[in-house]
Amino acid sequence: NFKNGSGQYSVREAFIELGVPLADSAAIGKIDLNLGGRAAHYSTAGNANTWKIGASWETPLDGLRLRGVVSRDIRAPNLNDLFAPVTAASQNVINRATGGNVQVLATTIGNVDLKPEVGKTWEIGAAYRPGFIPGLNLSFDYYNIRLNQAISTLTIQQIVDLCYNGNTTYCQYVDLDGAFGSANPTSVIQKPFNFASLKARGFDIEASYQVRLGQLGKLTLRGLATRAIDMISNTGIAGQQIAQLAGSNTEGNGIPRWKGLLSQQWTNDTATITLTERLVSAGKIDPNAIVCASNCPATTVQNPTYDFNDIPGAV
């Protein structure tokens with residue numbers, strides 16, 4: 001059960017936003033510029049400044065709209081990140097010195113020393129409603145996001161492995177009855193911290209079509225899909241490699257290359273029927289694993305060896 005906890009912070013902020021029309025004519029189309037800025041000071045995390053520059057263009061080509069934005073974004077640590085009360089539970093980890101499973105007491109707490117996440121976002125996209133196909137809507141958006149000081153939490157196994165590899169910073173969070181090799185870890189403290197960086201790159205696609213069927217009602221078809229090109233995590237910790245997490249289908253350890261949602265709906269004055277399908281592409285269990293059956297290299301913390309490393313796609 002979640003335990004009682006308490007904590008507080010205060011924030012002072014000022015912001016401004018401007019909408020600037022740049023053009024509106026039959027020859028050029030309609031162009032609008034959007035500018036915004038925000039300055040904030042958090043009592044716990046310090047100063048955080050953000051801004052954005054965005055634009056949209058209703059082109060002379062009927063139904064085509066282009067858009068783009070570049071921004072500096074932040075997420076300050078929330079109350080739970082900072083002041084999460086102590087929770088504890090038993091968990092199994094591998095002692096890399098012996099290869100055996102060990103049960104430890106995993107204790108989770110907040111971290112009052114966290115700083116805001118800082119992101120830089122680039123996005124460009126288009127929406128199209130062709131006049132020659134009434135009811136059809138198409139859109140495409142490409143994004144490129146780099147997040148510095150990303151707030152995240154290492155797993156209990158990662159903390160134990162870092163200590164085993166000689167990282168004294170994380171050995172302070174591991175209780176040992178002796179030293180690795182002659183004793184097992186008995187308890188581990190887990191708390192969030194600011195990663196070095198996280199980079200996400202990909203694109204989103206959406207299509208919808210609506211048509212009236214006379215007295216039979218109305219049919220609506222819709223599809224959404226997102227493609228992850230990159231999800232690169234860099235903890236900035238010695239002994240932890242820079243990991244490509246796009247294509248890793250393990251919950252909490254990455255994202256699938258493709259995810260999709262399709263829906264079909266028929267409706268009239270008295271009834272509605274909807275079908276929905278979710279799609280996930282095939283992927284890996286561990287993006288850093290080496291798959292082999294013979295003459296395998298020695299397994300390591302960063303590159304374990306498995307006889308298989310695949311998760312099938314699903315609909």
Side-chain angles (χ1 to χ4, degrees), residues 75 80-81 84 87 89-96 99-104 106-108 117 143 145-147 150-165 167 170 173-174 185 188-204 224-261 277-293 296-315:
R75 184 184 81 86
N80 193 61
D81 294 329
T87 59
S90 296
Q91 184 172 326
N92 286 332
V93 298
I94 300 172
N95 184 345
R96 301 296 182 182
N101 283 317
V102 181
Q103 189 175 75
V104 300
T107 303
T108 302
E117 298 177 325
Y143 61 86
I145 304 169
R146 182 180 176 87
L147 191 65
I151 297 172
S152 190
T153 305
L154 293 175
T155 66
I156 298 297
Q157 184 67 64
Q158 285 175 315
I159 295 170
V160 171
D161 290 346
L162 284 168
C163 180
Y164 172 67
N165 286 338
N167 191 314
Y170 288 89
Y173 302 128
V174 180
V188 181
I189 297 175
Q190 183 184 42
K191 63 181 182 180
F193 74 104
N194 291 106
F195 273 1
S197 66
L198 183 68
K199 181 178 180 180
R201 190 166 63 95
F203 56 83
D204 300 320
L224 302 164
T226 182
R227 162 70 172 178
I229 299 174
D230 284 320
M231 177 66 78
I232 301 172
S233 173
N234 179 8
T235 65
I237 300 170
Q240 290 286 106
Q241 71 175 191
I242 298 174
Q244 171 63 272
L245 303 180
S248 172
N249 286 23
T250 304
E251 181 70 22
N253 194 39
I255 54 175
R257 288 288 186 182
W258 281 100
K259 293 175 68 176
L261 178 69
E277 303 87 39
R278 295 172 57 209
L279 302 89
V280 178
S281 63
K284 303 295 184 182
I285 299 171
D286 185 340
N288 303 317
I290 297 172
V291 179
C292 59
C296 297
T299 186
T300 66
V301 171
Q302 295 303 320
N303 297 109
T305 56
Y306 298 133
D307 58 352
F308 72 97
N309 189 34
D310 296 310
I311 297 178
V315 177

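Only heavy atoms go into these numbers, but all of them, side chains included; no hydrogens, no water, no symmetry mates.
- Counting only heavy atoms from C-beta outward, the side chains of D81 and F193 never approach each other to under 4.5 Å.
- Of all non-hydrogen atoms in S281 and P256, the two that sit nearest each other are OG-CB, 4.1 Å.
- Counting heavy atoms from C-beta outward, N167 and I237 have side chains that approach closer than 4.5 Å.
- Side-chain contact check for N92 versus I156: every heavy-atom pair is 4.5 Å or farther apart.
- With values rounded to the nearest 0.5 angstrom, L261 atom CG is found 5.5 Å from L224 atom CG.
- Going from atom CZ of R227 over to atom CD1 of I255 covers 10.0 Å, rounded to the nearest 0.5 Å.
- Across every non-hydrogen atom of I311 and K284, the tightest pair is CD1-O, 3.9 Å.
- Across all non-hydrogen atoms, the minimal contact from Q157 to I94 is OE1-N, 2.8 Å.
- Applying the side-chain contact (heavy atoms from CB on, under 4.5 Å) criterion to P297, with sequence neighbours excluded, gives I290, C292, T305.
- For T235 (side chain) and F195 (main-chain N/O), no donor-acceptor pair under 3.5 Å exists by modelled atom type.
- Of the possible donor and acceptor atoms, one in the side chain of N309 sits under 3.5 Å from a partner among the backbone N and O of I285.
- Interatomic distance, OG1 of T107 versus CD of Q91, reported as 11.0 Å (0.5 Å rounding).
- For R257 (side chain) and I229 (main-chain N/O), a donor-acceptor pair under 3.5 Å exists by modelled atom type.
- Here the side chains of V188 and V160 are in contact, with some heavy-atom distance below 4.5 Å.
- Considering only heavy atoms from C-beta on, R75 comes within 4.5 Å of I151 through its side chain.
- Using a 4.5 Å heavy-atom threshold, the side chains of I159 and Q190 count as touching.
- One distance of note links CE of M231 with CD1 of I145; it measures 8.0 Å at 0.5 Å rounding.
- Inter-residue side-chain proximity for Y170 and D161 is flagged as unmet; no heavy-atom pair is nearer than 4.5 Å.
- Every ring pair (Phe, Tyr, Trp, His ring centres under 6.0 Å) that F203 has, sequence neighbours left out, goes to F140, W258.
- Across all non-hydrogen atoms, the minimal contact from V93 to P185 is CG2-CG, 4.3 Å.
- The structure places CG of D286 at 7.0 Å from OG of S248, a figure rounded to the nearest 0.5 Å.
- One distance of note links CD1 of I232 with CZ of R146; it measures 9.0 Å at 0.5 Å rounding.
- N234 pairs by the side-chain hydrogen bond (donor to acceptor under 3.5 Å, both in side chains) definition with nothing, not counting sequence neighbours.
- Side-chain atoms of D230 and Q244, non-hydrogen and from C-beta on, do get closer than 4.5 Å to each other.
- Between A282 and N249, the closest heavy-atom pair is C-ND2, 3.9 Å.
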